[in-house]
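Scroll down for the structure; my scribbles are underneath it.
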Amino acid sequence: MRVVDYLVQAVSALGVRHIFGVDGANIEDLYDAIFDASDDVTGVIAKHEFSAATMADGYARSTGGFGVVAATSGGGAMNLVAGLAESFASRVPVLALVGQPPTSLEGNGAFQDTSGRAGAIDAVRLFGAVSTYCARVETGADLPDQVNRAVGAARRGGPAVLLLPKDVQQADLGDVAPFRLSARTHRSDRAGIARVRDALAGARQTGKIVIIAGDQVARDDARDELARLATALDAAVGVAPDAKDTYDNADPAFCGVAGTMGHPELAAAIRSSALCLLVGTRLPVPTRAGLEPLLTDCTVASIGVAPPYLPAIHATSTDLSHTLADLAEELSGGAAEPERAGTAQPLTPLRVPGSSGPGLRYRDVVETIDAALPEGTDVFADAGNTGAAVVHHLRVPRDGRFVVALGMGGMGYAFGAGIGSAFARKAAAHGVRRTVVIGGDGAFFMHGLELHTAIEHALPVTFVVLNNNAHAMCVTREQLYYRDRYSFNRFRPAYLGAGVAAMFPELPAFSAHTVGELDHALRYCLETEGPSFLSIECDPDEIPPFLPFLTTIEQSRNP
């Protein structure tokens with residue numbers, strides 16, 4: 001057994017069925033092992049290592065397990081950094097296998113040397129800043145222990161990186177025991193949980209409780225347990241912008257999104273509450289913007305892997321499914337909680353200035369998409385004005401995953417991540433489960449041609465691009481903060497629907513200029529068996545539902 005054979009077997013033992021990457025001289029032995037492996041592991045060639053990393057990230061988010069990415073040395077390795085940084089900031093378990101030049105050439109002028117010797121870049125230090133664990137595997141004998149360490153670190157939340165010199169990859173391991181995934185251990189703070197429980201019990205006697213759910217609820221697959229706890233507490237529930245799928249958006253207790261893209265119903269609920277319980281969120285600035293004054297006037301409690309940025313009664317839990325289930329049981333006295341009657345309240349959209357430019361308006365676009373999405377659809381939204389509109393206006397379909405990358409906010413993330421998720425769904429689902437990627441044209445120009453990977457593998461992914469021929473959020477910032485004296489961020493018109501249709505004649509690809517065209521084309525795309533593409537013409541000058549922008553406009557009107 002070679003080192004690379006052991007690695008492929010270990011990936012299979014993790015329950016991972018796809019390794020995403022871009023091939024090259026110093027990682028090609030891994031692909032040779034994938035070809036020879038009897039285990040059901042497929043190598044997926046991406047078009048860029050950033051997208052390969054986001055594919056692994058999206059794969060992990062949809063499975064609740066690991067994602068695996070592979071890259072060669074030099075530029076290939078460097079291209080991983082931004083993608084792994086998102087996984088690091090969002091605590092997504094990804095294993096990165098990065099090829100290196102042979103050990104005999106390290107520090108001796110090797111092509112793409114990152115050994116840290118003789119003035120070369122030090123890959124251990126570089127990747128150490130964006131990972132929970134990074135190590136150079138010096139010999140084949142070191143590999144089993146290093147894999148165990150890397151997997152354990154990634155399991156705790158975040159990427160782990162193994163740097164693999166080419167000669168080490170080829171080394172014979174001899175008679176070595178196969179990798180076995182150890183039983184997962186969880187950590188919870190019993191004393192802290194008792195304090196949170198007492199605070200909840202006391203608050204329930206004096207007033208209303210509001211829950212703000214974060215992305216750890218999704219990572220721990222604790223949605224059902226969150227719903228039971230909310231019912232036991234008769235709590236109103238809001239969600240962080242990157243956690244919209246953690247609570248049923250059609251439930252009568254749902255009061256919208258928190259923070260910069262949030263809804264006034266959640267602010268009103270906090271204003272009249274006795275306690276706000278944070279579940280699986282540290283409440284970073286995008287989640288707490290506009291809410292800080294309200295949170296200072298009520299008790300704040302928190303359950304999650306790390307304490308929030310604001311003062312709170314905090315209890316550590318690395319497995320919310322167990323912790324929330326126990327809390328719900330205790331606070332309900334063991335009795336079955338009745339389902340809450342009623343229908344979902346309509347959420348009040350943030351009021352944005354009128355727009356008279358060309359194309360469709362964000363709200364019309366998102367509400368048309370919303371009406372067309374069937375239950376079980378996964379939605380991946382990209383950064384920028386487009387992402388703000390989707391977070392604010394879209395109701396997540398029941399049983400669907402919703403992901404927006406707020407760890408680093410890298411443009412183009414959703415294209416790779418949606419593809420990675422679609423691979424995971426295709427491997428696990430008995431029927432077709434569609435993924436919808438929504439991004440702007442700026443994000444598309446960065447990494448949108450990963451749609452070629454979706455075409456190669458006939459994945460059920462619909463790519464929806466809002467085309468305003470601009471980096472629109474930057475245009476908005478130029479207008480609001482720099483007196484609209486110039487714009488570096490407007491582009492010459494590009495006709496993406498026609499261009500993609502010409503590149504890929506067999507791909508259903510459309511352009512929409514009206515709501516009617518959008519609705520017709522979208523429904524056709526969603527019923528298509530494989531991938532599809534839809535470009536929607538939009539106004540680069542429309543202000544999105546983004547609280548910092550709207551506050552600036554209001555302040556300029558009332559100095």
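Nothing here was measured: the structure is a model prediction, and the numbers come from that model.
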Worksheet item: For the atom pair OG1 (Thr246) and CZ (Arg401), what is the distance rounded to the nearest 0.5 Å?
Response: 9.0 Å
Worksheet entry | Salt-bridge contact Arg271-Asp297 (side-chain N to carboxylate O under 4.0 Å) | no
Worksheet item: In Å and rounded to the nearest 0.5 Å, what is the CG to CG distance from Leu496 to Asp441?
Response: 6.0 Å
Worksheet entry | Plane angle bin for His322 and His186 - parallel if under 30°, tilted between 30 and 60°, otherwise perpendicular | tilted
Item to complete: Tell me, please, which residues at least two apart from Asp242 pass side-chain hydrogen bond (donor to acceptor under 3.5 Å, both in side chains).
Response: none
Worksheet, complete the sentence: d(Leu320 CG, Glu225 CD) to nearest 0.5 Å is 9.5 Å
Discussion item. Quick check: do Leu294 and Glu292 have side-chain heavy atoms less than 4.5 Å from each other?
Written reply: no
Show me the donor-acceptor pairs, under 3.5 Å and distance only, between side chains in residues 344-354 and residues at least two apart or in other chains.
unit_1	atom_1	unit_2	atom_2	d
Gln345	NE2	Phe254	O	3.4
Thr348	OG1	Glu265	OE2	2.5

Fill in: Centroid separation Phe491 to His471 less than 6.0 Å
yes
Worksheet item: Under 4.0 Å between a Lys/Arg side-chain N and an Asp/Glu carboxylate O for Arg91 and Asp215?
Response: no
Discussion item. Centre-to-centre under 6.0 Å for Phe20 and Phe423, is that the case here?
Written reply: yes
Worksheet entry | Contact check, side chains of Ser90 and Arg61, non-hydrogen atoms, under 4.5 Å | yes
Worksheet item: Is there side-chain contact between Thr435 and Thr462, with at least one heavy-atom pair below 4.5 Å?
Response: no
Worksheet item: Is there a donor-acceptor contact under 3.5 Å from the side chain of Arg204 to the main chain of Ala199?
Response: no
Practice prompt. Look at Arg197 together with Glu329 and state whether they make a salt bridge at an N to O cut-off of under 4.0 Å.
Written response: no
Worksheet item: Counting only N and O atoms by type, is there a donor-acceptor contact under 3.5 Å from the side chain of Thr323 to the main-chain atoms of Ser317?
Response: no
Worksheet entry | Ion pair check, Arg434 and Asp378, cut-off under 4.0 Å | no
Item to complete: Apply side chain to side chain contact (heavy atoms under 4.5 Å, CB included) to the pair Tyr247 and Arg223, showing each step before the final yes or no.
Response: CA-CA 6 Å; Tyr247 195 80; Arg223 297 172 181 85; over 6 Å; no
Worksheet item: Is there a donor-acceptor contact under 3.5 Å from the side chain of Asp248 to the main chain of Ala250?
Response: yes
Worksheet item: Which pairs with one or both residues in residues 199-237 pass ring-ring contact (aromatic ring centres under 6.0 Å, His included), sequence neighbours excluded?
Response: none
Worksheet item: Do Val210 and Leu277 come close enough that some side-chain heavy atom pair is under 4.5 Å?
Response: no
Worksheet entry | Whether over 12 other heavy atoms sit under 6.0 Å from Tyr486 OH | yes
Fill in: Val305 backbone acceptor or donor facing Gln216 side chain under 3.5 Å
yes
Worksheet item: Between Glu478 and Ser487, does any side-chain donor sit less than 3.5 Å from a side-chain acceptor?
Response: yes
Worksheet, complete the sentence: Heavy-atom closest pair (Leu550 atom, Pro544 atom, distance to 0.1 Å) is CD2-O, 4.1 Å
Fill in: Interatomic distance, Leu394 atom CG to Asp370 atom CG [nearest 0.5 angstrom]
5.0 Å
Practice prompt. Check whether any side-chain heavy atom of Phe127 sits under 4.5 Å from a side-chain heavy atom of Leu80, and report yes or no.
Written response: yes
Worksheet item: Distance from Arg433 atom CZ to Glu375 atom CD, nearest 0.5 Å?
Response: 10.5 Å
Item to complete: Would you check, one step at a time, whether the test side chain to side chain contact (heavy atoms under 4.5 Å, CB included) holds for Leu295 with Leu283?
Response: CA-CA 11 Å; Leu295 293 171; Leu283 216 67; 3.5 Å; yes
Worksheet item: Is a side-chain donor or acceptor of Glu542 paired with a backbone partner of Tyr362 at a separation under 3.5 angstrom?
Response: yes
Worksheet item: If you measure only the distance, is there a donor-acceptor pair under 3.5 Å linking the side chains of Asp57 and Tyr413?
Response: yes
Item to complete: Indicate yes or no: at least one non-hydrogen side-chain atom of Pro308 is less than 4.5 angstrom from one of His314.
Response: yes
Practice prompt. Start with the C-alpha gap between Arg490 and Asp541, add the side-chain angles, then the distance that decides, and say whether salt bridge (Lys or Arg N to Asp or Glu O under 4.0 Å) holds.
Written response: CA-CA 10 Å; Arg490 298 178 190 271; Asp541 295 301; 2.6 Å; yes
Worksheet item: Is there a side-chain contact between Leu451 and Phe444 (heavy atoms, below 4.5 Å)?
Response: yes
Discussion item. Under 3.5 Å, is there a donor on one side chain and an acceptor on the other for Asp539 and Ser355?
Written reply: yes
Fill in: Aromatic ring pairing Phe463/Phe415, orientation class (parallel under 30°, perpendicular over 60°, tilted between)
parallel
Worksheet item: If only atom types and distance count, is the side chain of Arg398 paired as donor or acceptor with the main-chain N or O of Val396 below 3.5 Å?
Response: no
Worksheet item: Can you say whether the rings of His48 and Phe50 are parallel (under 30°), tilted (30 to 60°) or perpendicular (over 60°)?
Response: perpendicular
